[in-house]
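Residues: numbered from 1 along the sequence shown.
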Amino acid sequence: MTVLSEENINPQELQNDAASSSQTAMKIFIGFAMVFLLAVLGSVYLKDFLTTIGIWVVDNLGLPGLFSVWVLIDTVPTPMSYAPIMFLSIKGGLSHWTILAVASTASMTGGMIGFSIGHWIGMPQKIRIWFDDKYPGKYEILKRHGAWGIVIVGLLPMPFALGTWTAGAMRIPFWQAALASLVRIPKTGIYVILIMSGLAVGS
């Protein structure tokens, strides 16, 4: 049993953790701000064009197609985000409650599929190198915090699949990963609010 005392505490580690937490919070805030800003700009400069595309997307894909697209985005570690499809779905006339339910469920489903693939095949070296280069320090977050790392990655403006895939490769228990993936519900809700607010401001 480890006894915590002043001798056990490394001030440098505490300082690094505090700095890392501040940087993470700032990146989350910037990511949300960018979604709002892009919604405003899209509404101001591309309103009719994006409405036409949104209607086409909703009419041709429908809810099953949109669900499949969102699942795919959060299954495979790519730079893609599910926010643009949410934006087009709103422009296409879907209700915000429908988008919240379908997009968050799809995101969690994709995350768990990615987790299972990562558990099965591990983390390919090329993806790990790209991960470290594109998002320095995030692999260590997952390594140090386990399921809480999935929560952090799930909030950050980065591919959710990178977090769940890596967690699977690290053999984090499935139930912990599943609980952590619930973070996609509030994040999706925030995205919907920001997009709708941005569209209102742009109009």
Side-chain angles (χ1 to χ4, degrees), residues 1-4 8-10 12-32 35 67-83 85-86 100-191:
M1 179 178 178
T2 302
V3 179
L4 293 178
N8 297 127
I9 299 174
N10 188 326
Q12 185 62 44
E13 288 186 2
L14 291 177
Q15 186 176 359
N16 291 341
D17 286 345
S20 177
S21 298
S22 298
Q23 292 174 1
T24 298
M26 181 57 67
K27 289 178 180 179
I28 292 172
F29 174 79
I30 292 173
F32 287 144
V35 170
F67 180 87
S68 299
V69 170
W70 280 319
V71 168
L72 181 61
I73 288 173
D74 279 344
T75 295
V76 183
T78 69
M80 296 180 64
S81 168
Y82 67 161
I85 308 300
M86 291 171 59
L100 173 60
V102 177
S104 59
T105 302
S107 180
M108 291 185 291
T109 301
M112 289 301 91
I113 294 174
F115 175 89
S116 300
I117 295 174
H119 190 278
W120 178 42
I121 69 173
M123 174 63 75
Q125 187 66 20
K126 288 185 178 180
I127 295 180
R128 170 66 192 279
I129 293 173
W130 177 79
F131 189 179
D132 288 337
D133 182 61
K134 184 71 174 177
Y135 305 100
K138 300 303 180 289
Y139 184 86
E140 290 303 316
I141 289 177
L142 282 163
K143 187 175 181 179
R144 291 178 59 187
H145 299 288
W148 280 110
I150 297 177
V151 174
I152 295 171
V153 171
L155 288 172
L156 285 168
M158 62 179 290
F160 186 47
L162 280 175
T164 55
W165 191 305
T166 303
M170 291 179 176
R171 300 297 193 269
I172 291 174
F174 182 87
W175 68 270
Q176 291 184 10
L179 285 177
S181 72
L182 292 174
V183 72
R184 299 301 271 185
I185 298 176
K187 181 173 184 179
T188 303
I190 293 172
Y191 272 179

### Query
Which of these passes side chain to side chain donor-acceptor pair (under 3.5 Å) with Ser107: Thr75, Thr188, Asp74?
Asp74
### Message
Are the side chains of Ile85 and Ile73 in contact, using a 4.5 Å heavy-atom criterion?
### Response
yes
#### Entry: Closest contact, heavy atoms only, Trp70 versus Ala106
CB-CB, 3.5 Å
### Message
Restricting to non-hydrogen atoms, name the atom on Ala167 and the atom on Ile150 that form the minimum distance, rounded to 0.1 Å.
### Response
CB-CD1, 3.5 Å
#### Entry: Distance (rounded to the nearest 0.5 Å) between Leu162 CG and Leu156 CG
11.0 Å
### Message
Quick check: closest heavy atoms across Ser116 and Phe174, and the distance to 0.1 Å?
### Response
OG-CE1, 4.1 Å
### Distance, nearest 0.5 Å, that separates CG of Leu100 from CE of Met86
7.5 Å
### Query
Between Ser181 and Met112, what is the shortest heavy-atom contact and its length?
CB-CE, 4.0 Å
### Task
State the CD1-CD1 distance between Ile185 and Ile190, to the nearest 0.5 angstrom.
12.0 Å
### Task
Decide yes or no for Leu155 and Val183: does some side-chain heavy atom of the first lie under 4.5 Å from some side-chain heavy atom of the second?
yes
### Task
Check Ala180 against Ala147 and note the closest heavy-atom contact, atom names and distance.
CB-O, 3.4 Å
### Summary
Heavy-atom nearest pair, Phe115 first then Ile172, reads CZ-O, 2.8 Å
### Query
So Tyr82 and Phe160, ring pair (Phe, Tyr, Trp, His ring centres under 6.0 Å) or not? Walk me through it.
CA-CA 10 Å; Tyr82 67 161; Phe160 186 47; 8.5 Å; no
### Task
Can you measure from OG1 (Thr164) to CD1 (Ile113) and round to the nearest 0.5 angstrom?
10.0 Å
